[in-house]
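Notes follow the structure.
Just so you know, residue 1 is the first one in the sequence shown, and it goes up from there.
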Amino acid sequence: IGLNYRMSELGAAVGLAQFERIDELVERRIKVANIFKAAVHDCEWIVPQHIPQGYKHSHYTFSFEYKGLEHLSVSWKQFYEMYVEMGGDGFYSACVVPYLEPVFQQSEKYRQIYKKGMCPVAEDLQKKIMQFKTNYRSISEAEQKANLLNDLIKKLNKK
């Protein structure tokens with residue numbers, strides 16, 4: 001089990017050039033994440049990822065647990081579709097827990113070891129995670145998308 005990823009010389013050159021701007025890029029991701037965090041701040045059915053005191057998160061995405069199904073009877077997919085219909089970018093779900101990946105489940109040997117239900121909390125949480133992109137090229141575009149998210153939250157809270 002394993003992948004043999006290789007990077008071309010061109011890909012490596014682009015990657016090295018991006019390292020010259022790494023601080024700028026990470027700071028922008030943090031700023032965008034904070035914009036989204038503010039947009040969901042008062043929502044009881046959206047729980048942002050916990051960041052322990054004294055730690056700095058680079059925010060590859062802004063992630064949270066979506067509890068709208070329990071609170072509003074609005075599924076993850078319905079929420080996604082409403083957000084996109086309003087003009088929001090799509091967002092990502094979480095990857096399946098590693099032991100349920102096809103590479104393990106299609107192997108008789110591993111299927112005997114790694115069974116669904118081994119980590120019920122992780123398996124349940126995986127289905128509720130929403131990950132919003134943080135790599136916007138402009139803060140104003142991120143603010144617009146976060147405002148749409150906030151508008152959707154307000155709309156659903158009124159129902």
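When atom types are taken as modelled, the side chain of W45 and the backbone of L69 share no donor-acceptor pair closer than 3.5 angstrom. In this structure, Q126 contributes its side chain and A94 its backbone to a donor-acceptor pair below 3.5 Å. Here the side chain of K145 pairs a donor or acceptor atom with the backbone of G87 at under 3.5 angstrom. Formation of a donor-acceptor pair under 3.5 Å by the Y136 side chain with backbone atoms of R28 is not found in this model.
Closest approach of Y66 to M130, counting heavy atoms only: CG-CE, 3.4 Å. When all heavy atoms are compared, the tightest approach of S75 to Q78 is N-OE1, 2.7 Å. For the pair R29 and S58, the tightest heavy-atom approach, listed with the atom from each and the gap, is CB-O, 3.5 Å. Contact detail for A146 and A39: the closest heavy-atom pair is O-CB, 3.4 Å.
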Verdict with supporting geometry, I30 and H57, side-chain contact (heavy atoms from CB on, under 4.5 Å): CA-CA 7 Å; I30 292 169; H57 194 307; over 6 Å; no

Test log, rule ring-ring contact (aromatic ring centres under 6.0 Å, His included), inputs Y92 and Y60: CA-CA 12 Å; Y92 307 100; Y60 180 71; 8.1 Å; no

Stepwise side-chain contact (heavy atoms from CB on, under 4.5 Å) test for F62 and I35: CA-CA 10 Å; F62 174 71; I35 291 167; over 6 Å; no

From CA spacing to verdict: salt bridge (Lys or Arg N to Asp or Glu O under 4.0 Å), E143, K31: CA-CA 10 Å; E143 289 171 336; K31 192 178 284 186; over 6 Å; no

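Note that the CG atom of L72 and the CZ atom of F79 stand 9.0 Å from one another [nearest 0.5 Å]. The line from CD of E44 to NZ of K67 is 10.0 Å long, rounded to the nearest 0.5 Å. One finds the CZ atom of F64 at 10.0 Å from the CD atom of Q131 (value rounded to the nearest 0.5 Å). Between atom CZ of residue R111 and atom CG of residue L100 there is a gap of 12.5 Å, rounded to the nearest 0.5 Å. For the atom pair CZ of F132 and OG1 of T61, the computed distance is 10.0 Å after rounding to the nearest 0.5 Å. Here the CG atom belonging to L148 is positioned 11.0 Å from the CD1 atom belonging to I153, to the nearest 0.5 angstrom.
Using a 4.5 Å heavy-atom threshold, the side chains of F36 and L149 count as touching. Proximity of H59 to V32: side-chain heavy atoms (C-beta onward) are nowhere separated by under 4.5 Å.
M86 is connected to V40 through a chain of hydrophobic side-chain contacts under 4.5 Å among Ile, Leu, Val, Met, Phe, Trp and Tyr, so both are in one cluster. In this structure, M118 is a member of the same hydrophobic cluster as V96, with clusters built from ILVMFWY side-chain heavy atoms closer than 4.5 Å. With hydrophobic clusters built from ILVMFWY side chains whose heavy atoms lie under 4.5 angstrom apart, I129 does not share a cluster with V47. Two different hydrophobic clusters hold L10 and M7 under the rule that ILVMFWY side chains link at heavy-atom gaps under 4.5 Å. By the criterion of side-chain heavy atoms lying less than 4.5 angstrom apart, applied directly or through intervening Ile, Leu, Val, Met, Phe, Trp or Tyr residues, L156 is grouped together with Y83 in one hydrophobic cluster.
Counting heavy-atom neighbours within 6.0 Å of K37 NZ, excluding the residue itself, gives a total of 12 or less. Enclosure of atom CD in E9 is not indicated, since only 12 or fewer non-hydrogen atoms of other residues, nucleotides or ligands lie within 6.0 angstrom. Applying the 6.0 Å contact sphere to CD of E85 captures no more than 12 heavy atoms from other residues, nucleotides or ligands. Other residues, nucleotides and ligands contribute more than 12 heavy atoms inside 6.0 Å of the NE2 atom of H71.
When ring centroids are compared, Y99 and Y110 stay outside the 6.0 Å threshold.
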